[in-house]
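Written out below as structure tokens is the structure these notes cover.
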Number of protein chains: 2
Amino acid sequence: MIEKCSCTVVHEDVVNKVKELMPKEEVLYDVAELFKVLGDTTRIKIICALFESEMCVCDLAAVLSMSQSAVSHQLRVLKAARLVKYRKEGKVVYYSLDDDHVKMIFDLGLLHINENRGA
Amino acid sequence: MIEKCSCTVVHEDVVNKVKELMPKEEVLYDVAELFKVLGDTTRIKIICALFESEMCVCDLAAVLSMSQSAVSHQLRVLKAARLVKYRKEGKVVYYSLDDDHVKMIFDLGLLHINENRGA
DNA sequence: TGAATATATGAACAAATATTCATATGAGGT
DNA sequence: ACCTCATATGAATATTTGTTCATATATTCA
């Protein structure tokens, strides 16, 4: 039932209906986790850079003006979230976007931002 | 130029091209900020609940089994990001989604998650 | 006016996370 | 085999962030 809410007047019907319809805890966790990965300036920059072209770690570090280490750490996070993939060529590792969901998600994000500028 | 990268072999042409094409720092920051807001389980749950119906703070607290205070704090964050809006009716405050970008973004996120389950 | 209640908010604490630094790994060239 | 270079990674640190607790605000009702 209703546990941790100190309020007394609650619309119980609504609460119960919504509780039923909510996706599984696990799914919501994973979705949040995905957005958390997108919710960092460095990683968004990396993704944005990869929209244009596949790039090696050094290139990315140069584009972002960040250390190779920092970029590499973040690439690992992006890789774990299946947002980027890589291809090795000798000692150089080229990263690129794994699929085009990211582009769509990013564009929607951008749309939201832009619509709330004038307002 | 290329500053903080210790690497010597860099594809300078690519780097310069991508640097040009990158959106403004400020825009990228805002986009990351938006996804950061979506990147928390509590907030995703709130949003998900609001997909079904507008709800007051108490209802939400009940659905999430969380304290009224915690929910209220997160609603503030969602409000600041223009993801939710509210309507007062007496002492009760009803929250709902501000626009339907969120729904689209959420669904794309879900899609990404689901496609990477079997793999 | 005063009590009750829904919501908001500030401060404090705990947990998560991004960057740096130092170093490891692994591939090419000599 | 050795040296160089691109990348990866572990530990440490600093910062951010979510929740709790206590309390403030605001509205209804008596």
Side-chain angles (χ1 to χ4, degrees), chain A residues 2-12 14-15 28-29 32-33 35-46 54-81 84-95, chain B residues 2-12 14-15 28-29 32-46 54-81 84-96:
Chain A
I2 294 127
E3 287 152 348
K4 296 186 190 173
C5 181
S6 63
C7 311
T8 49
V9 177
V10 181
H11 311 77
E12 252 200 279
V14 175
V15 169
L28 294 174
Y29 179 84
E33 209 60 25
F35 290 125
K36 194 177 292 179
V37 171
L38 297 174
D40 174 82
T41 313
T42 300
R43 288 190 294 262
I44 276 288
K45 281 180 188 170
I46 292 177
E54 74 167 6
M55 297 179 92
C56 70
V57 180
C58 257
D59 290 346
L60 284 168
V63 168
L64 307 198
S65 299
M66 290 185 67
S67 74
Q68 173 270 321
S69 180
V71 171
S72 183
H73 275 296
Q74 297 308 337
L75 281 169
R76 195 149 86 105
V77 176
L78 290 169
K79 200 165 39 174
V84 302
K85 62 185 181 212
Y86 63 94
R87 152 179 98 76
K88 285 193 179 182
E89 197 172 287
K91 38 184 174 175
V92 181
V93 180
Y94 291 95
Y95 281 86
Chain B
I2 294 129
E3 286 152 347
K4 296 187 190 171
C5 180
S6 63
C7 311
T8 48
V9 177
V10 181
H11 312 76
E12 253 198 281
V14 175
V15 169
L28 293 175
Y29 179 84
E33 210 60 25
L34 172 65
F35 289 125
K36 195 178 292 180
V37 172
L38 298 175
D40 174 79
T41 314
T42 300
R43 288 191 294 262
I44 276 288
K45 282 181 187 169
I46 293 176
E54 76 168 5
M55 297 179 92
C56 71
V57 181
C58 257
D59 290 345
L60 284 168
V63 168
L64 306 199
S65 299
M66 289 186 66
S67 73
Q68 173 270 321
S69 178
V71 171
S72 183
H73 275 296
Q74 298 308 338
L75 282 169
R76 195 149 86 106
V77 176
L78 290 169
K79 201 166 37 176
V84 303
K85 63 187 181 211
Y86 63 94
R87 155 179 95 77
K88 285 193 180 181
E89 195 171 289
K91 39 184 173 174
V92 180
V93 180
Y94 292 95
Y95 281 87
S96 57

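Order of the sequence lines fixes the chain letters, A, B, ..., with proteins taken first and strands second; residue numbering starts at 1 for each chain.
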Margin query: Both A:Glu89 and A:Ala70 contact DNA chain C. Which one's nearest nucleotide lies toward the 5' end?
Written below: A:Ala70

Margin query: Could you report the tightest heavy-atom contact between A:Ile44 and A:Leu38, atom names first, then the distance?
Written below: CG1-O, 3.0 Å

Checklist line | Atom-to-atom span, NZ of B:Lys91 to P of C:dA6 - whole angstrom | finding: 6 Å

Next item on the list: Could you check B:Leu75 against A:Gly90 and say which one's nearest nucleotide on DNA chain C is further toward the 5' end?
Entry: B:Leu75

Notebook entry, point to check: Nearest-Å distance, CZ (B:Arg87) to P (C:dA6)?
Noted result: 16 Å

List every contact pair, protein side and nucleotides 11-17 of chain D side both N or O, where the distance is under 3.5 Å.
unit_1, atom_1, unit_2, atom_2, d
D:dT17, OP1, B:Lys36, NZ, 3.3

Check: Looking at residues at least two apart in the chain, or sitting in another chain, which of them share a side-chain hydrogen bond (donor to acceptor under 3.5 Å, both in side chains) with B:Gln74?
Finding: B:Arg43

Note to self: Should the side chain of A:Ser69 and the base of C:dT19 be counted as holding a donor-acceptor pair, with the cut-off at 3.5 Å?
What the structure shows: no

Check: Closest approach of A:Ile46 and A:Leu78, non-hydrogen atoms and distance?
Finding: CG2-CD1, 3.7 Å

Next item on the list: Grab the OH-P distance between A:Tyr94 and D:dA8 for me, whole Å please.
Entry: 13 Å

Checklist line | Side-chain N,O (B:Ser67) to OP1/OP2 (D:dT19) below 4.0 Å | finding: no

Margin query: Tell me the closest heavy-atom pair linking A:Ala32 and B:Thr41, and the distance in Å.
Written below: CB-N, 3.7 Å

Donor-acceptor contacts, no H, no angles, side chain residues 89-96 of chain B, under 3.5 Å, sequence neighbours left out:
unit_1, atom_1, unit_2, atom_2, d
B:Glu89, OE1, B:Arg87, NH1, 2.7
B:Tyr94, OH, A:His11, NE2, 3.0

Note to self: From OH of B:Tyr86 over to P of D:dT25, roughly how many Å is that when rounded to an integer?
What the structure shows: 17 Å

Note to self: For a quick test of reading the model: is some side-chain N or O of A:Thr42 closer than 4.0 Å to OP1 or OP2 of C:dT19?
What the structure shows: yes

Check: Of all residues at least two apart in sequence or in a different chain, which pass the side chain to side chain contact (heavy atoms under 4.5 Å, CB included) check with A:Ser69?
Finding: A:Ser67, A:His73

Note to self: Check this one for me: any side-chain N or O of A:Gln68 less than 4.0 Å away from OP1 or OP2 of C:dT20?
What the structure shows: no

Margin query: Between P on D:dT9 and CD on A:Gln74, what's the gap in Å once rounded to a whole number?
Written below: 13 Å

Item checked: Proximal nucleotide (of D:dA6, D:dT19, D:dA8) relative to the B:Met66 side chain -> D:dT19

Next item on the list: Ignoring backbone atoms, test whether A:Arg76 places a side-chain nitrogen or oxygen under 4.0 Å from the OP1 or OP2 oxygen of D:dA8.
Entry: no

Item checked: For D:dA30, the Watson-Crick or wobble counterpart (both distances under 3.5 Å) -> C:dT1

Next item on the list: In whole angstrom, give the distance that lies between atom CG of A:Leu78 and atom P of D:dA8.
Entry: 12 Å

Check: Is any side-chain N or O of A:Tyr95 closer than 4.0 Å to OP1 or OP2 of D:dA8?
Finding: yes

Next item on the list: Provide the closest heavy-atom pair for A:Met55 versus A:Leu60 in the form atom of the first, atom of the second, distance.
Entry: SD-CD2, 3.8 Å

Check: Rounded to whole angstrom units, what separation is found between the NE2 atom of A:His11 and the C1' atom of C:dT7?
Finding: 14 Å

